[in-house]
K.L.:
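Pasting a structure below so you can have a look.
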Number of protein chains: 2
Amino acid sequence: MIRLSKLADYGVVLMTRMASRPEGVHNTMDLSLLTGLPTPTVSKVLSKLGRHDLLRSVRGAKGGYKLARSPQNISIADIISAIEGPIALTQCMEHTLGCCDIEPLCPSRYGWQVINDTVRRSLESVSLAEISTQVQLFANRRPGTSASATPVATGELTNG
Amino acid sequence: MIRLSKLADYGVVLMTRMASRPEGVHNTMDLSLLTGLPTPTVSKVLSKLGRHDLLRSVRGAKGGYKLARSPQNISIADIISAIEGPIALTQCMEHTLGCCDIEPLCPSRYGWQVINDTVRRSLESVSLAEISTQVQLFANRRPGTSASATPVATGELTNG
DNA sequence: TTTTAATCAGACCAATTTGGTCCGCTTTAA
DNA sequence: TTAAAGCGGACCAAATTGGTCTGATTAAAA
């Protein structure tokens, strides 16, 4: 399987959660309870998303984070690259041209470029809004406020 | 960045190399020299590709591996999933429905499914043939037979 | 028939990466 | 002024990865 780091996974999950109340301010503690993820980890992810202008932080008491733009204008690629850096399947693709010694000879580079572009474009095509509407179908009986007892809602912490 | 394991990276590189002589039999030693990858590693990757019917092994002296089908009929998704298992960005997506306790409640699953399908489809759309024609442009002055001194040709072993 | 060149499989080990925890600091509403 | 929140970095443990080694098997060539 192609590995997405857990942090990036969490990022998508948290953003999805926040998109269910796009105008609200969400704090770390609540999100931690809702998702079952450890509080400091949630905090770390959120602050990264904040630094990349996907979230806006509200400091002080009653603070938290709110979406910086509407879910329609946030793509999955935005979220992933905020946390993991530029989307690329291999290392040499992370940089732009001109940094690799053997580059003019490297017979793989151009192939990888094709592959990476394809994947990146596909992730750019999926918006947070699309995903969170899917979620609504399953969340709408619980009006999505705070602390539910049911833990764990990531794509990660599950197994067969 | 989305991480592809090195082995999968190598898989793509090796297949690309072999696609430049689609009918030929390629042995581990030659491919190792051509790519700069350690021989046992090449061997491990090739045998995995063989077990998934992308390569056909020819044992004994003068043996090696040859492509099991034409490059047009091999997708990047085939290669990656042969080495890494089913293409999925998160663990719970590796299985088919019905294996996760909280599944009926999991608000993320359906979002991930959308994302994964998008990525998988994009990788299925790129064939080995497309990539190796790109390679030809850069390899055609060296008629692509055996051992060149220039090492390292993966998308991985390079940095900035 | 013997030798040699190749695949094949699996065990083992080392090192990198990852992610979780903890700490103390800053900010602001009540 | 206090308490509740974000902020950021240092540190550590553990899981994953990938490279190495060994030996068995196969088949062509001498």
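In the text below, chain A, chain B and the rest are named by the order of the sequence lines, each starting its count at 1.
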K.L.:
Checking A:Arg121 now: which residues fulfil salt bridge (Lys or Arg N to Asp or Glu O under 4.0 Å) with it, not counting sequence neighbours?
P.N.:
none

K.L.:
B:Asn27 has an atom CG; how far is it from atom C1' of C:dA5, in whole Å?
P.N.:
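From B:Asn27 CG to C:dA5 C1': 9 Å.
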
K.L.:
Which residues within residues 38-48 of chain B lie with some heavy atom under 4.0 Å of an atom in DNA chain D?
P.N.:
B:Pro38, B:Pro40, B:Thr41, B:Lys44

K.L.:
Which nucleotide sits closest to the side chain of A:Arg3: D:dG18, C:dG20, D:dT16?
P.N.:
D:dT16

K.L.:
With sequence neighbours excluded, give me every salt bridge (charged side-chain N to carboxylate O under 4.0 Å, His left out) pair touching residues 38-50 of chain B.
P.N.:
none

K.L.:
Of all residues at least two apart in sequence or in a different chain, which pass the side-chain contact (heavy atoms from CB on, under 4.5 Å) check with B:Thr118?
P.N.:
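Residues passing side-chain contact (heavy atoms from CB on, under 4.5 Å) with B:Thr118: A:Ser122, A:Ser125, A:Val126, B:Val114.
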
K.L.:
Would you please name every residue forming a side-chain contact (heavy atoms from CB on, under 4.5 Å) with B:Pro38, sequence neighbours left out?
P.N.:
B:Pro40, B:Thr41

K.L.:
Nearest whole angstrom, please: distance from the C1' of D:dT16 to the CG of B:Leu7.
P.N.:
12 Å

K.L.:
Taking the side chain of A:Thr28 as heavy atoms from C-beta outward, which of D:dT16, D:dG6, D:dG19 is closest to it?
P.N.:
D:dG6

K.L.:
Let me have a per-nucleotide readout for nucleotides 24-30 of chain C, 5' to 3', with B, S or -, counting only protein heavy atoms under 4.0 Å.
P.N.:
--BBBS-

K.L.:
Would you kindly give the CG-to-P distance between B:Leu49 and C:dT7, to the nearest whole Å?
P.N.:
13 Å

K.L.:
Between B:Asp117 and B:Arg120, is there a side-chain N and carboxylate O pair less than 4.0 Å apart?
P.N.:
yes

K.L.:
Nearest whole Å is fine: how far is D:dA5 C1' from A:Leu55 CG?
P.N.:
15 Å

K.L.:
Of all residues at least two apart in sequence or in a different chain, which pass the side-chain contact (heavy atoms from CB on, under 4.5 Å) check with B:Ala77?
P.N.:
B:Ser75, B:Ile87, B:Leu123, B:Glu124

K.L.:
When we call it a touch if two heavy atoms are under 4.0 Å apart, what does B:Gly50 touch: a base, just sugar-phosphate, or nothing?
P.N.:
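The answer is nothing, as B:Gly50 stays clear of every strand by at least 4.0 Å.
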
K.L.:
Using a 4.0 Å heavy-atom cut-off across all strands, classify A:Arg51 as base, sugar-phosphate, or nothing.
P.N.:
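Result for A:Arg51 = sugar-phosphate.
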
K.L.:
Taking only side-chain N and O atoms of B:Tyr10, does any of them lie within less than 4.0 angstrom of OP1 or OP2 on D:dG18?
P.N.:
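No, B:Tyr10 has no side-chain N/O under 4.0 Å of OP1/OP2 on D:dG18.
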
K.L.:
Mind jotting down which residue pairs meet the salt bridge (charged side-chain N to carboxylate O under 4.0 Å, His left out) criterion with at least one end in residues 50-71 of chain A? Sequence neighbours excluded, please.
P.N.:
A:Arg69-A:Asp78

K.L.:
Do the side-chain N or O atoms of A:Ser5 get closer than 4.0 angstrom to the phosphate oxygens (OP1, OP2) of C:dG19?
P.N.:
yes

K.L.:
In whole angstrom, give the distance that lies between atom CD of A:Glu84 and atom P of C:dT17.
P.N.:
14 Å

K.L.:
Can you tell me the distance, in whole Å, between the CG atom of A:Leu37 and the P atom of C:dT21?
P.N.:
11 Å

K.L.:
Between A:Leu14 and A:Leu46, what is the shortest heavy-atom contact and its length?
P.N.:
CD1-CD2, 4.2 Å

K.L.:
Output all residues satisfying side-chain contact (heavy atoms from CB on, under 4.5 Å) with B:Pro22, sequence neighbours left out; order by chain, then residue number.
P.N.:
B:Leu67, B:Pro71

K.L.:
Between A:Lys6 (NZ) and D:dA13 (P), how many Å, whole number?
P.N.:
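Distance, rounded to whole Å: 17 Å.
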
